[in-house]
Structure formats: structure tokens, C-alpha cells
Amino acid sequence: MRLGVLICVYNQERFIGPAIEQFLPHVEEFAIYVNQEPWAGDPEPPDRTVALVQQHFVKMESPRVSLYCEDWPSEESHRNRGLWKLQGCDYVWVVDADEYYTTADILSILDQLEGRAAAYVIPQKIYWKTPEYRQDPTDTWTPPILLDPRRAFFARFRAINLGLEDCVRLSGVMLHHFSYVRTDAEMESKLNHNSHAAEVRPEWHEVWRTWQPGDEQNILPYKGAPRRALYDPAPVEITERFFRWQEKLR
């Protein structure tokens with residue numbers, strides 16, 4: 001079974017290295033699509049995302065890492081362009097730059113691929129401020145992570161064209177999402193530029209600024225059932241890989 005990894009990204013220099021590295025022994029092909037304009041808001045000067053991919057990955061003989069820098073007006077058009085490029089793969093592993101897995105979970109996921117499903121979904125833990133805290137309760141939405149590029153595509157944002165009955169939920173594994181493991185400047189940039197920028201609660205910015213461990217504030221930026229930050233550190237393997245890449249940026 002031929003697997004590809006698709007990463008669609010905009011200014012994610014602190015996250016892109018570990019996102020790619022975690023899959024190097026397990027897949028045949030990577031397509032890194034760097035958007036030169038954000039999905040929302042005003043553009044910012046480019047960071048070192050492109051330079052890091054070129055320096056550490058593009059010149060490798062195996063697996064093949066291809067880098068594309070263009071403009072896509074929406075999240076779904078950005079992702080679908082990558083799916084089209086990876087049509088030769090049986091499945092495309094859709095990864096955001098801040099989404100991480102343990103090696104054990106990657107191997108378990110590969111063992112669960114039976115080749116008939118059009119898409120696979122997975123539960124996730126979303127981390128807050130540092131890799132030591134996560135949102136509680138955990139997100140009920142299970143993002144699609146492995147798609148058959150001939151049968152599945154993105155309809156809006158990260159939602160795909162298929163219903164839950166067409167997807168297989170992976171068991172015994174977890175996606176570790178470092179969505180909020182960011183500096184103040186990175187968090188502001190993320191909220192201004194992602195597809196849900198217009199949905200952020202105005203008072204949430206004060207929550208982000210004032211939160212301290214032990215607080216019971218609602219840390220969810222959008223409408224929905226309140227969430228708090230719970231101490232539940234990410235796996236050591238993921239944290240060590242993440243911070244090892246931070247040293248490369250110094």
C-alpha cells in the first residue's frame with residue numbers, strides 16, 4: 001500500500017520539522033504545500049518554513065519530499081490541491097504542521113488500514129499553552145486523517161464530502177494536536193489567519209492573556225460547551241522531538 005503525507009501550511013516554522021520527521025520511516029512521498037497568503041486576514045512576512053523544509057528534507061533521496069509555494073484562497077482548495085497531487089497514493093495522510101503522533105500509534109494506524117474505507121478518522125487531544133496541558137473535555141470531533149484521494153475530498157474547511165458511515169474510526173490511537181502550544185504572537189497570527197477567524201469570542205483574548213495553571217476559565221475560543229485546561233502531558237517522545245526542533249531554530 002502506497003502512502004503519502006500532505007501538509008498544508010502557512011508560517012509554521014516551529015512546527016513543520018517535527019511534523020515531517022515523525023513520518024519519515026513510514027511513507028513513500030510527502031507533498032508540502034506552503035500558502036503564500038493566509039486563508040483569512042492580512043498576510044505577514046514569510047517565516048523560515050520554506051527554508052527549513054528545503055534545508056532538512058527536500059534533498060533526501062527517500063522518501064521523496066516535494067515543496068510547493070503558491071496561493072490558495074481557502075482551506076479546502078489548499079488541501080484538495082495536495083490530494084490531487086498525491087493521486088498515485090492509495091491513502092493520503094493529511095497532517096497539519098502542529099499535529100503529532102507517537103511511533104507506536106503510527107504503526108498501529110498502519111496496521112488498521114484495510115484498504116476498503118474511503119477515509120479514516122481519529123480522536124484527538126488538543127494542547128493548551130504548553131505540551132503539559134490539554135483541553136478538557138476532549139474534542140468530540142474526530143478529524144479525517146487518511147483519505148483515499150480518488151474517493152474523498154475536502155468540502156469545507158477540514159470537513160470532507162463523506163458521512164460518518166463512509167469513514168472508519170481508528171481505535172487505540174490518538175492525534176496530539178499542539179494547536180495552542182504557541183507564543184502570544186503565534187496565537188494571534190493563528191486566530192487571524194485560520195478559516196474560523198471570524199468565530200472567535202471577543203472575550204477569549206483576555207482568557208489567553210491571563211490564564212494560569214489551575215484556572216477554571218473557559219479556554220475554548222469559539223461557541224460551544226466550555227472547556228478548561230487539564231494537566232495531562234503529551235507523550236515524552238512527541239515533546240522531546242518538538243523541543244529538539246526548537247533548538248535547530250536558535
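Given the structure is predicted, the values throughout are model-derived calculations rather than measurements.
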| request: Give a yes or no on whether Ile20 and Val181 share a hydrophobic cluster (residues Ile, Leu, Val, Met, Phe, Trp, Tyr; joining criterion: side-chain heavy atoms under 4.5 Å apart). | output: no
| said: Is the distance between the ring centroids of Tyr100 and Phe15 under 6.0 Å? | reply: no
| Is there a donor-acceptor pair closer than 3.5 Å between any side-chain N or O of Thr49 and the backbone N or O of Glu13? | yes
| Salt-bridged, Asp96 to Arg79, with N to O below 4.0 Å? | yes
| Quick one: does Asp215's side chain have a donor or acceptor within less than 3.5 Å of a partner on Gln212's backbone? | yes
| How about Glu28 and Leu3: do any of their side-chain heavy atoms sit closer than 4.5 Å? | yes
| said: For Phe157 together with His196, are the ring centres under 6.0 Å from each other? | reply: yes
| field | Asp98/Arg182 salt bridge by N-O under 4.0 Å criterion | value | yes
| task | For Glu29 and Arg64, indicate whether the former's side chain and the latter's backbone hold a donor-acceptor pair under 3.5 Å. | result | no
| Plane angle bin for Trp128 and Tyr180 - parallel if under 30°, tilted between 30 and 60°, otherwise perpendicular | tilted
| field | Under 3.5 Å: donor-acceptor pair, side chain of Gln246, backbone of Arg14 | value | yes
| field | Residues Glu70, Lys85: salt bridge by 4.0 Å N-O rule | value | no
| said: Assess whether a salt bridge exists between Glu240 and Arg244, defined as any Lys/Arg side-chain N lying under 4.0 Å from an Asp/Glu carboxylate O. | reply: no
| query | What distance do Trp93 atom CH2 and Leu6 atom CG have between them, rounded to the nearest 0.5 Å? | reply | 13.5 Å
| Can we say Arg227 and Asp139 salt-bridge, meaning some charged N sits less than 4.0 Å from an Asp/Glu carboxylate O? | yes
| query | Within the distance-only criterion (no hydrogens, no angle test), does the side chain of Asp136 pair as donor or acceptor with the backbone N or O of Leu230 below 3.5 angstrom? | reply | no
| field | Asp111, CG atom: more than 12 neighbouring heavy atoms under 6.0 Å | value | yes
| message | Does atom CZ (Arg156) have a neighbourhood of more than 12 heavy atoms from anything else shown, all under 6.0 Å? | response | no
| request: Can you label the angle between the His56 ring and the Trp245 ring as parallel, tilted or perpendicular, going by 30° and 60°? | output: perpendicular
| Just by modelled atom types, is the Pro43 backbone N or O under 3.5 Å from a matching donor or acceptor in the Asn11 side chain? | no
| Under a 4.5 Å side-chain heavy-atom rule over Ile, Leu, Val, Met, Phe, Trp and Tyr, are Ile145 and Ile160 clustered together? | no
| query | With the 4.5 Å side-chain cut-off for hydrophobic clustering, are Trp84 and Tyr68 part of the same group? | reply | no
| said: Do Tyr127 and Leu175 land in one hydrophobic cluster if side-chain heavy atoms of ILVMFWY residues count as linked below 4.5 Å? | reply: no
| Under 6.0 Å between the ring centres of Trp211 and Tyr133? | yes
| said: Any side-chain to backbone donor/acceptor pair from Trp39 onto Pro73? Under 3.5 Å, distance only. | reply: no
| query | Is Ile106 reachable from Met174 through a run of I, L, V, M, F, W or Y residues, each pair having side-chain heavy atoms under 4.5 Å apart? | reply | no
| For Tyr101, which of Ile238, Leu107, Val173, Ile109 qualifies under side-chain contact (heavy atoms from CB on, under 4.5 Å)? | Ile109
| query | Taking the six-membered ring where the residue is Trp, are the ring centres of Phe30 and Phe57 under 6.0 Å apart? | reply | no
